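The structure appears right after this line, and notes come after that.
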Amino acid sequence: MGSTPLVKLDSTGGQVMVETPTAEWSHHPDLETARIGLIQEWSCSLLVASFVGAFGSSFLYGYNLSVVNAPTPYIKAFYNETWKRRHGHPIDPDTLTLLWSVTVSIFAIGGLVGTLMVKMIGKFLGRKYTLLVNNGFAISAALLMACSPQAGAFEMLIVGRFIMGIDGGIALSALPMYLSEISPKEIRGSLGQVTAIFICIGVFTGQLLGLPELLGKESTWPYLFGVIVVPAFTQLVSLPFLPESPRYLLFEKHNEAGATKALQTFLAKEDVSQEMEEVLAESQVQRNLRLVSVLELLRAAFVRWQVITVIVTMACYQLCGLNAIWFYTNSIFGKAGIPPEKIPYITLSTGGIETLAAVFSGLVIERLGRRPLLIGGFGLMAFFFGILTITLTLQDHAPWIPYLSIVGILAIIASFCSGPGGIPFILTGEFFQQSQRPAAFMIAGTVNWLSNFVVGLLFPFIQKSLDTYCFLVFAAVCTAGAIYLYFVLPETKNRTYAEISQAFAKKNKAHPPEEKTGSAVTDDTMNGRPEQGSSSMLDNYIKNRIV
């Protein structure tokens, strides 16, 4: 038996060869179960790579979202003391509010700068070495922020937050690209959720270390920022032992031997000929293509709705209000009437709920798919934002109502992390071909960080102007996002890049250049057109293997 091919039905009902089973498979009563078991044998290597990458990357992003929350009064006191020493009088309250808003939101400006740097750095260094170089930003930022009180310069803290933002911008582009390119489609969603899970763990760690019993005291708050060197150093010393992305090695470095070796490491087996054959099919088109620029990607008609969908999901990811809760959790709970001494511990519960919801999403995403988790998550967030508005408005009518506000916030966090918290990064990697992906992540990152900056800078003033009704703004954003995704977003679970491109083709009313001619390699290739996709060659590769 040994060489009988497995088949499955594609979206059009045709039979497509998936894999040639081994002799062990042929005796298994359930081939699908055997296939999943085979995946699990080598997925451990992928998980090690993703955990090491995420700990020094997305973990730090999450940590820096929450770490400024607990020491807020001490940092403001440090600003006031420094201002008084320099100018001879205390700082004006409005100036202090503005200065604090800049401290919080400049993290997003740094993130935008980092996002714009990724394509240039990644082209020469690759995914893995981009993550390694990025640790230099994290370590220098940690030193600046931790030493700012001793130097008596609050500017060091602000500059450190900016540099830490650069680290986050590079990390949130390079890491999802790395994970997307080392993951087979069967577990691409689950592995991609590692980014979101470590963001949540970072948020939780920042809240935990911010407790008064640990580092959340006036004498120790600078160490909260010094802790950043630990994940950065861990990644710096461990990531060099892991392989580079096989697709990067093959498509951009034309290093077939290196790509083969990387696949062998990730799949934990010697014979990767079939996997290499599939990647080489895409490489035949990609090898002659230069990386698509952002402007070219924005102008390409055959990826128009993919670009729009990435922009919408990334904007909703930030504008849905979650970062407003992270940045200002203590003040929100204070407004809800929670006693000050209880706030740090209730804040800690939000990070715990977020982590559990993200893990849940990673476990079910390959069963439920991206689409229901995203739409359901945004829909539930809109509902619970409405509930939170009601409880905050009525908080003085009964002593138990403020605790309903806590439940509302926890429900919002759980709804976010069950889908919208990580899937936008996965979709950005899934929507685009290799030559388009860096530009796509640059667009996604720009929208992400600009939206983050807007929320961080404006939320204190929105809260001051609208009071308890401020969260209705976020409810409207979540509702609009859910409606858009319901009508536009196709399911991408367990689909190839070519199949996802085909799912958008009807909306785009345009096909990649090759598909118009019906051949894998067209005259456009001869003419050197730069914006060819690889979906046609991949489709022909699949069609040649129909049983």
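Note that the structure is a prediction, hence the values are computed from the model and not measured. In what follows, every heavy atom counts, from backbone to side chain, and hydrogens, waters and symmetry copies are set aside.
- Side-chain contact check for Tyr484 and Thr309: at least one donor-acceptor pair (N or O, by modelled atom type) lies under 3.5 Å.
- The shortest side-chain heavy-atom distance between Cys478 and Cys316 does not fall under the 4.5 Å cut-off.
- A cation-pi arrangement is present between Arg161 and Phe107, with the terminal nitrogen or guanidinium carbon under 6.0 Å from the aromatic centre and inside a 45° cone about the axis.
- Considering CG of Leu112 and CG of Asn448, their distance stands at 9.5 Å, rounded to 0.5 Å.
- Counting heavy atoms from C-beta outward, Phe360 and Leu356 have side chains that stay 4.5 Å or more apart.
- The two residues Leu214 and Leu209 make their nearest non-hydrogen contact at CB-O, 3.7 Å.
- The side-chain tip of Arg304 does not point at the ring of Phe504 from less than 6.0 angstrom away and within 45° of straight on.
- Side chains of Ser245 and Glu181: a donor-acceptor N/O pair is present below 3.5 angstrom, by distance only.
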(message) side-chain contact (heavy atoms from CB on, under 4.5 Å), that's the test. Do Ile423 and Gln193 meet it? Break it down for me.
(response) CA-CA 7 Å; Ile423 294 178; Gln193 278 294 91; 4.2 Å; yes
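- The main-chain N or O of Pro176 is never found under 3.5 Å from a side-chain atom of Arg127 such that the two would form a donor-acceptor pair.
- Minimum heavy-atom separation, Cys470 to Ile462: CB-CG2, 3.9 Å.
- Contact record, Ile353 with Ala414: CG2-CB, 3.8 Å, taken as the closest heavy-atom pair.
- One finds the OG atom of Ser405 at 9.5 Å from the CZ atom of Phe471 (value rounded to the nearest 0.5 Å).
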(request) Carefully, step by step, assess Ile483 and Tyr486 under the rule side-chain contact (heavy atoms from CB on, under 4.5 Å). (result) CA-CA 5 Å; Ile483 292 173; Tyr486 178 81; 5.7 Å; no
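- In this structure, Lys128 contributes its side chain and Pro243 its backbone to no donor-acceptor pair below 3.5 Å.
- Under the 4.5 Å side-chain criterion, counting only non-hydrogen atoms from C-beta, Thr492 is in contact with Phe431.
- Here the two rings, on Tyr317 and Phe416, have centers that are under 6.0 Å apart.
- Ser66 and Gln207 share no donor-acceptor pair across their side chains, judged by distance under 3.5 Å alone.
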(request) Go through the steps for Ile426 and Thr195 under the test side-chain contact (heavy atoms from CB on, under 4.5 Å), then give the verdict. (result) CA-CA 9 Å; Ile426 298 173; Thr195 299; over 6 Å; no
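- For the atom pair CE of Met145 and CZ of Phe162, the computed distance is 13.0 Å after rounding to the nearest 0.5 Å.
- Listed by chain and residue number, Ile170, Ser173, Met177 satisfy the side chain to side chain contact (heavy atoms under 4.5 Å, CB included) test with Val118 (two or more places apart in sequence, or in another chain).
- Under the 4.5 Å side-chain criterion, counting only non-hydrogen atoms from C-beta, Arg370 is in contact with Leu427.
- Contact check for Phe59 versus Thr205: side-chain heavy atoms found under the 4.5 Å cut-off.
- Between Met381 and Cys320, the closest heavy-atom pair is CE-SG, 3.5 Å.
- Atom-to-atom distance recorded for Met314:CE and Ile443:CD1 is 11.5 Å, nearest 0.5 angstrom.
- Close placement of the Phe198 and Phe51 rings is indicated, their centers lying within 6.0 Å of each other.
- Note that the CG atom of Leu404 and the CG atom of Leu388 stand 10.5 Å from one another [nearest 0.5 Å].
- Between Glu354 and Ile201, the closest side-chain pair of non-hydrogen atoms is not below 4.5 Å.
- Residues Ile228 and Tyr63 are in side-chain contact: their nearest non-hydrogen atoms beyond the backbone lie under 4.5 Å apart.
- Using a distance-only test at 3.5 Å, with no hydrogens or angles considered, no donor-acceptor pair links the side chain of Asn64 to the main chain of Tyr61.
- Separation of atoms CG (Asn135) and CG (Leu60) is listed at 8.0 Å; rounding is to 0.5 Å.
- Residue Ile182 comes nearest to Pro246 through the heavy atom pair CG2-CD, 3.9 Å, listed as atom of the first residue, atom of the second, then distance.
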(request) Determine, step by step, whether Leu179 and Phe425 satisfy the side-chain contact (heavy atoms from CB on, under 4.5 Å) criterion, reporting the C-alpha distance in whole Å, the side-chain angles of both residues, the deciding distance to 0.1 Å, and the verdict. (result) CA-CA 10 Å; Leu179 297 184; Phe425 298 101; over 6 Å; no
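- Scanning all heavy atoms of the two residues, the minimum distance from Leu373 to Ser418 falls at CD2-O, 3.5 Å.
- Residues Leu125 and Tyr248 fail the side-chain proximity criterion, which asks for heavy atoms closer than 4.5 Å.
- Ring-plane geometry between Phe474 and Phe385 is classed as tilted, the angle between the planes lying from 30 to 60 degrees on a 0 to 90 degree scale.
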